[in-house]
Protein chains: 2
Amino acid sequence: MPGTSLDFSARLRAAGLRPTRQRVALARLLFAGGHRHVTAEALHAEVKASRMPVSLATVYNSLNQFRDAGLLCEVVVAPGRSYFDTNIGHHHHFFIEPDGELHDFPSDKVTIAGLPAPPKGTRLARVDVIVRVRR
Amino acid sequence: MPGTSLDFSARLRAAGLRPTRQRVALARLLFAGGHRHVTAEALHAEVKASRMPVSLATVYNSLNQFRDAGLLCEVVVAPGRSYFDTNIGHHHHFFIEPDGELHDFPSDKVTIAGLPAPPKGTRLARVDVIVRVRR
DNA sequence: CAAGGAGTTTAGAATTATTCTAAACACTGC
DNA sequence: GCAGTGTTTAGAATAATTCTAAACTCCTTG
Ligand SMILES: [Mn+2]
Ligand SMILES: [Mn+2]
Ligand SMILES: [Zn+2]
Ligand SMILES: [Zn+2]
């Protein structure tokens, strides 16, 4: 029986976050099913429809905390449009331009060769590839 | 003698834009020197310091028009942080995380192999690679 | 080289995404 | 249970950007 509150409590605690009712409710929405790409507003709409509504500020706080704790990552595709991504493995994205849909694709078959060395005094943190497509 | 107003007028006209005083002033700042990565606010500050100040709304309008006309492209690196880029050739970016600096690197030595086919009903528009580095 | 109309600029208001504030609230360890 | 600290919340604030509609200017036409 996956998806009990206890699972999410433990997971949050393991990440150094108190398992409050709000965070557990959000974690369930985010992590119970498969991977998701979700905006703060969309997640707020979802949780508002549940029996345990959560304020928008808490949705933002929680998403930022989850990201900082490594439970999520954030993908910025356009000005004012950022998605929180429950897939934290190495992968890249298709961005479908008119609708704003994001789709994952695995990075293990993608090879990026010939990248120049990072500028002096800097260390590589991450390589983001966004493949923009149109209908 | 590169950089006369006439050059920029012609260039704007060729792009289908009326060469107004404001657009010419902005085009000079953007295109007279080498390639630039500039935010709307930064360009507004620059043009305010000139003998021909331009309103912030016009800076935004012009940057969007220049981008739509293919004179610029826009690079989004973080929520609420987008740069207008006078380099419209194929290239990619280093993003230096704490400072927010953007640096070009040419794409001709970079090979991206193994990209999956675009989702059904879509056509590839552009591939953005952002290499995020930290100090 | 006049109009005159379409396109452009502008100040300021509006919108959107996000963060801040500070008071109320709730986990947690004792 | 209680205290204490961390969390939540409504609402205000901030930041980036767009909208509005009135004033202005480029450019074509006569
Ligand atoms: Mn954020
Ligand atoms: Mn824009
Ligand atoms: Zn993803
Ligand atoms: Zn560039």
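Side-chain atoms are counted along with the backbone in the values below, which use heavy atoms only and exclude waters and symmetry mates. Lettering of chains follows the sequences in order, A, B, ..., and the numbering in each one begins at 1.
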Assert yes or no for the condition that the ring centre distance of A/H35 to A/H91 is strictly below 6.0 Å. no
Between D/dT17 and B/S82, is there an OP1 or OP2 to side-chain N/O distance shorter than 4.0 Å?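 True: B/S82 side-chain N/O within range (under 4.0 Å) of D/dT17 OP1/OP2.
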Would you say A/R21 reaches C/dA26's phosphate, i.e. side-chain N/O to OP1/OP2 under 4.0 Å?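 So the side chain of A/R21 is within the cut-off, an N or O lying under 4.0 Å from OP1 or OP2 of C/dA26.
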Between C/dT19, C/dT18, C/dT10, which one does the side chain of A/L56 approach most closely? C/dT18
Determine, step by step, whether A/H92 and A/D128 satisfy the side-chain hydrogen bond (donor to acceptor under 3.5 Å, both in side chains) criterion, reporting the C-alpha distance in whole Å, the side-chain angles of both residues, the deciding distance to 0.1 Å, and the verdict. CA-CA 7 Å; A/H92 300 305; A/D128 283 341; 5.7 Å; no
Separation of B/R126 CZ from A/I130 CD1 (nearest 0.5 Å):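 So the CD1 of A/I130 and the CZ of B/R126 are separated by 9.5 Å.
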Nearest 0.5 angstrom please: A/N87 CG to A/L102 CG, how far? 11.0 Å
Could you check A/T86, A/L63, A/L12 and say which one makes a side chain to side chain contact (heavy atoms under 4.5 Å, CB included) with A/L71?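 Of A/T86, A/L63, A/L12, side chain to side chain contact (heavy atoms under 4.5 Å, CB included) with A/L71 is met by A/L12 alone.
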Hey, which sits more toward the 5' end of DNA chain D by its nearest nucleotide, A/P53 or B/L17?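 With B/L17 and A/P53 compared, the 5'-side residue is A/P53.
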Between [N] atom [atom2] and [X] atom [atom1], what is the distance in whole Å?
X     : N      : atom1 : atom2 : answer
A/N61 : C/dA17 : CG    : P     : 18 Å
B/Q65 : D/dT17 : CD    : P     : 16 Å
A/R18 : D/dT5  : CZ    : P     : 10 Å
A/L12 : D/dG6  : CG    : C1'   : 14 Å
B/Y60 : C/dA14 : OH    : C1'   : 15 Å
A/R81 : D/dT18 : CZ    : C1'   : 16 Å
A/Q22 : C/dA24 : CD    : C1'   : 13 Å
B/R23 : D/dT25 : CZ    : P     : 14 Å

Across the strands shown, which category fits B/T20 at heavy-atom distances under 4.0 angstrom: base, sugar-phosphate, nothing?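 Sugar-phosphate, no base atom in range.
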Go through the structure and list residues passing ring pair (Phe, Tyr, Trp, His ring centres under 6.0 Å) with A/F94, not counting sequence neighbours.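 Scan of A/F94 (ring pair (Phe, Tyr, Trp, His ring centres under 6.0 Å), adjacent residues dropped) gives A/F105.
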Only Watson-Crick and G-U wobble pairs, only distances under 3.5 Å, only runs of 3 or more: what stems does that leave for DNA chain C? C:1-30 with D:1-30
Kindly assign one of parallel, tilted or perpendicular to the pair B/F31 and B/F66, based on the angle between their ring planes and the thresholds 30° and 60°.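 Ring orientation of B/F31 relative to B/F66: tilted.
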